Amino acid sequence: MFALIDCNNFYVSCERVFNPRIDGKPVIVLSNNDGCVIARSNEAKALGIRMGHPLYQCKDLVKKHKIFVYSSNYALYGDISNRVMKLLQSYSPDFEIYSIDEIFLGLSGFSNWDLTEYGKLIRKSILLGLKMPVSIGIGPTKTLAKLANHFAKSSPTAEGVFEIKNAILVQPLLKLIPVDEIWGVGRQWSYRLKDIGIKTAYDLSACNHYEIKKKFSVILARTVLELQGISCIALEEMAPRKNIMVSRSFGSPVTLYSDIREAVANFATRAAEKLRSQNSLATGIMVFIRTNHFNKTDSQYSNSISLKFPIETDNAMVILKYAVEGLQKIFREKYRYKKAGVMLLDLIHGRVTQPDIFIDDKVMNNHNLMNALDKINGKYGKQTVQFAVCGYRKAWKSHQENISPSYMTQWDELLVVYAN
DNA sequence: TCTGGGGTCCTAGGACCC
DNA sequence: TCTGGGGTCCTAGGACCC
């Protein structure tokens, strides 16, 4: 048996941890650059605010109902996530952190337990310990645990916990679930499935998995089996990333090469930091830039380039050099750029590399210097020491109009309590 | 005026090998 | 007139997830 535990309206719930004044009020959290709605409190959902909706298109609703609006604060959400995950891991030795707000627990050692009661206990402890409301779905496969989680949220009597004891008993409920709400079935496949008469989770569970594999892919065939109660998707170890991406939309359009270069240099520096923090080396880098494709009157341009490093590296200076070199090749004058990004490619883990007798490894991989850099910036704050090419104009800076304090990760932003 | 930012896996097709 | 059979590796594109 598996449990899927996820945090309700996670980013909103994080904002509420330190700000009880917004409990019970409509709250939304925005994507980077304050663009789209990416988290909504139940009250905001009830007012008709849709997921992924651009803010400027629901400004009226926000104003009319005095909805609280927050820019996303990943330092805060990341830290709270770590605490939630740590507490949840104390309830089973087998787990898989699936996303910032979701974890699977393996419950194979709990065969004689009342899992629903255990779920309620877990739920209470997370709420009490961290003020985080969670929903818990329990089932014989990960896909059914996901579905159970869906019922845990929607059923008024479930108290946040729903258990699917076996796949046969749950069949009547599967008839109520549209096929596109199944984990692993996205929009494209749901259209194709509906075309051939498969409309509900029950319909899909009744399919022959060989047929589905032929018509779609092994992935969907696995989903069919999982719906039938045959577990095919195991808990996975946390694997290091294979690629690392850093990209941002600009607050306003950028035209100057020097400004774009500054942005790309900042993204590359940040990507290199992430790379070193997971103890990997990158084989190459991809750089991309693009104009605002929503703007129908501007002339459009979008391009990318991939470059290979001479040898694998985590040296910010080398990575920066290639990032700028790539940018030079794809940059064109006279466009209004809206977004840029870099991706470090084909990462190698554990710093096990093939040396090259023609390349001076000390130049390519200056670990001592990078360690010093990371330590200084770790101790005294981000960008205490930075590369000149990262600049100071920040013409490309994203919008971030209403960001809450980083209560957990910045000394000067700790919660202040006033006594009367 | 304003529209996010990360990831993964699978498959088909082409280039190449013997 | 007729032209095999077995592989691997790489890449781009498309699907999915949060």
Side-chain angles (χ1 to χ4, degrees), chain A residues 4-11 28-39 50-60 62 69-74 77-78 81 85 96-104 142-143 146 149 179-193 212-223 226 232-233 236-253 267 270-271 274-275 278 283-284 286 288 290-298 304 306 308 336 338-347 398-401:
Chain A
L4 174 73
I5 302 164
D6 78 350
C7 303
N8 300 342
N9 318 327
F10 181 56
Y11 296 167
I28 57 176
V29 175
L30 304 177
S31 61
N32 267 335
N33 211 26
D34 291 346
C36 299
V37 177
I38 54 167
R50 281 182 292 147
M51 183 67 176
H53 212 64
L55 176 66
Y56 77 95
Q57 288 177 11
C58 40
K59 272 256 157 83
D60 292 344
V62 167
V69 179
Y70 288 89
S71 306
S72 35
N73 182 346
Y74 291 102
Y77 311 152
S81 171
M85 296 304 169
E96 173 189 344
I97 296 173
Y98 182 66
S99 76
I100 193 164
D101 71 332
E102 280 172 279
I103 188 170
F104 284 103
K142 283 165 100 177
T143 304
K146 271 269 193 184
N149 188 281
V179 78
D180 53 331
E181 285 185 25
I182 302 167
W183 186 45
V185 180
R187 191 174 293 164
Q188 299 306 316
W189 286 355
S190 79
Y191 291 151
R192 282 177 57 197
L193 285 166
I212 292 294
K213 186 182 169 182
K214 251 189 278 174
K215 289 191 183 127
F216 293 84
S217 81
V218 282
I219 301 181
L220 197 59
R222 276 202 285 260
T223 301
E226 287 246 322
C232 320
I233 308 173
E236 278 170 38
E237 299 269 314
M238 268 284 267
R241 299 265 167 251
K242 295 175 177 172
N243 298 295
I244 288 176
M245 167 114 125
V246 176
S247 75
R248 288 289 177 277
S249 292
F250 305 144
S252 45
F267 303 159
R270 179 71 196 117
K274 289 192 192 178
L275 181 71
Q278 72 160 38
T283 311
M286 185 269 278
F288 74 89
R290 76 148 177 250
T291 51
N292 183 358
H293 56 276
F294 291 108
N295 189 322
K296 298 300 174 210
T297 52
D298 276 8
S304 72
S306 294
K308 226 170 136 58
R336 287 154 54 83
K338 183 61 179 169
K339 184 172 180 174
V342 304
M343 187 150 123
L344 296 174
L345 307 170
D346 301 323
L347 309 188
S398 303
H399 289 298
Q400 235 183 14
E401 266 158 42

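Here is how names work: the chains are called A, B, and so on, in the same order as the sequence lines, proteins then strands, and each is numbered from 1. A quick note: this is a predicted structure, and the numbers were derived from the prediction, not measured.
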Using a distance-only test with no angle check, is there a side-chain donor-acceptor pair under 3.5 angstrom linking A:T297 and A:N295? yes
Select base, sugar-phosphate, or nothing to describe what [X] touches, counting heavy atoms under 4.0 Å on all strands.
X      : answer
A:Y98  : sugar-phosphate
A:L55  : nothing
A:D34  : nothing
A:R222 : sugar-phosphate
A:K213 : nothing
A:K59  : nothing
A:L220 : nothing

Is any side-chain heavy atom of [X] closer than 4.5 Å to a side-chain heavy atom of [Y]?
X      : Y      : value
A:P240 : A:L347 : no
A:W183 : A:I233 : yes
A:L30  : A:V37  : yes
A:K338 : A:N33  : yes

Taking all non-hydrogen atoms of both residues, which atom of A:I100 and which atom of A:M85 are closest, and how far apart? O-CE, 3.5 Å
For the student: nearest non-hydrogen atoms of A:E102 and A:K146, plus distance: OE2-NZ, 2.5 Å
Comparing nearest nucleotides in DNA chain B, the 5'-proximal residue of the pair A:P240, A:S249 is A:S249
Which sits closer to the 5' end of DNA chain B, A:S252 or A:K242, going by the nucleotide each is nearest to?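 This one resolves to A:S252.
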Test side chain to side chain contact (heavy atoms under 4.5 Å, CB included) applied to A:I182 and A:L193, A:T223, A:L220, the passing residue: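 Output: one option passes, namely A:T223.
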Reported CD1-to-CE distance for the pair A:I244 and A:M343, which is rounded to 0.5 angstrom: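 Nearest 0.5 Å value for the CD1-CE distance: 10.5 Å.
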Using Watson-Crick and G-U wobble pairs with both distances under 3.5 Å, what is the 5'-to-3' dot-bracket string of DNA chain C, with [ ] for crossing pairs and | for pairs outside the strand? ....||||||||||||||
What is the 5' to 3' range of DNA chain C, first to last nucleotide, that sits under 4.0 Å from any heavy atom of chain A?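 Under 4.0 Å from chain A, the extent on DNA chain C is C:dA15 to C:dC18.
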If the P atom of C:dC18 is compared with that of B:dT3, how far apart are they to the nearest Å? 25 Å
